Amino acid sequence: MADVKRFNNVKSSFLVLIVAFWPGFASSEASLDVLLNQPVPEQSYSTEIQNALLAHYSSWAGTRHKLGGTGTNGVDCSSFIQALFEDKFKLQLPRSSREQMTMGERVDIADLRTGDLLFFRTGPTRRHVGVYMGNNQFMHVSTRAGVEIAKLLSPYWQRHFITARRIGLNGFTPSN
């Protein structure tokens, strides 16, 4: 049991280092010392989901945006989310962000949990989808930077936010 706890402590410290050094993920005010001295959270729904999201991100980071794209040579937002939920949670989501927006239950932005889907209106008829990572950050496919982690509280995303949806991940154990 002590070995498992020590492994979880090392794993958590490693994730803190990854988060601290990924551009755009940690806040600019956060110092490495503050991040490393945080209490180690117990393994939970949120931590397992966040680990799965970070693993998916590490495989896709920087993949360029391509409208209609479905793979690592170019992907659009809804295909990226579809692949994430299939690969990590074995859940089949619809192909389009408009259809994905009808899944699960509506969630108030103040009650977001890691893994919730976020939807934005980026044009008169265009919808954009990302997944909430915690700490007011979300993962999505940017037309400018490709797959990235962005700040939900930026004026652009606040202005274009439509809704958040929770797809029932409570009973799922992420696969790596």
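Positions are given from 1, in the same order as the sequence printed here. Only heavy atoms go into these numbers, but all of them, side chains included; no hydrogens, no water, no symmetry mates. Just so it is clear, the structure is predicted and the values come from calculations on it, not from any experiment.
Using a 4.0 Å cut-off between a side-chain N of Lys or Arg and a carboxylate O of Asp or Glu, Asp111 and Arg106 do not qualify as a salt bridge.
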>> What verdict does the side chain to side chain contact (heavy atoms under 4.5 Å, CB included) test give for Gln100 and Arg127, after you've listed the backbone C-alpha separation in whole Å, the side-chain angles of each residue and the deciding distance to 0.1 Å?
In response: CA-CA 10 Å; Gln100 291 172 359; Arg127 302 294 179 267; over 6 Å; no
> side chain to side chain contact (heavy atoms under 4.5 Å, CB included) between Leu54 and Met133: does it pass, once the steps are laid out?
Replying inline: CA-CA 8 Å; Leu54 287 170; Met133 300 287 292; 3.7 Å; yes
> Is there a side chain to side chain contact (heavy atoms under 4.5 Å, CB included) between Leu117 and Met103 once you walk through the steps?
Replying inline: CA-CA 9 Å; Leu117 297 181; Met103 302 287 296; 5.6 Å; no
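The salt bridge (Lys or Arg N to Asp or Glu O under 4.0 Å) search around Arg121 returns none, not counting sequence neighbours. For Phe85, the ring-ring contact (aromatic ring centres under 6.0 Å, His included) partners two or more places apart in sequence, or in a different chain, are Phe89.
For the pair Tyr57 and Ile149, the tightest heavy-atom approach, listed with the atom from each and the gap, is CE1-CG1, 3.7 Å. Here the closest heavy-atom approach between residue Leu91 and residue Ile167 is recorded as CD1-CG2, 3.9 Å. Nearest heavy-atom pair across Ser97 and Phe119 is O-CE2, 3.5 Å.
Rounded to the nearest 0.5 Å, atoms OG (Ser59) and CG (Leu84) are 10.5 Å apart.
No side-chain heavy atom of Val129 sits less than 4.5 Å from a side-chain heavy atom of His140. Side-chain contact check for Lys88 versus Ile49: every heavy-atom pair is 4.5 Å or farther apart. Side-chain atoms of Thr114 and Glu48, non-hydrogen and from C-beta on, never get closer than 4.5 Å to each other. Within the 4.5 Å cutoff, the side chain of Thr122 has heavy atoms near those of the Tyr156 side chain.
The backbone N or O of Gln137 lies less than 3.5 Å from no partner atom in the side chain of Asn135, so there is not a single donor-acceptor pair.
No continuous path of hydrophobic side-chain contacts links Phe120 to Ile81 [ILVMFWY only; heavy atoms under 4.5 Å]. With hydrophobic clusters built from ILVMFWY side chains whose heavy atoms lie under 4.5 angstrom apart, Val141 shares a cluster with Met101.
The environment of Arg126 atom CZ is sparse: at most 12 non-hydrogen atoms of other residues, nucleotides or ligands sit within 6.0 angstrom.
The only member of Arg95, Lys66, His65 that meets side chain to side chain donor-acceptor pair (under 3.5 Å) when paired with Asp76 is Arg95.
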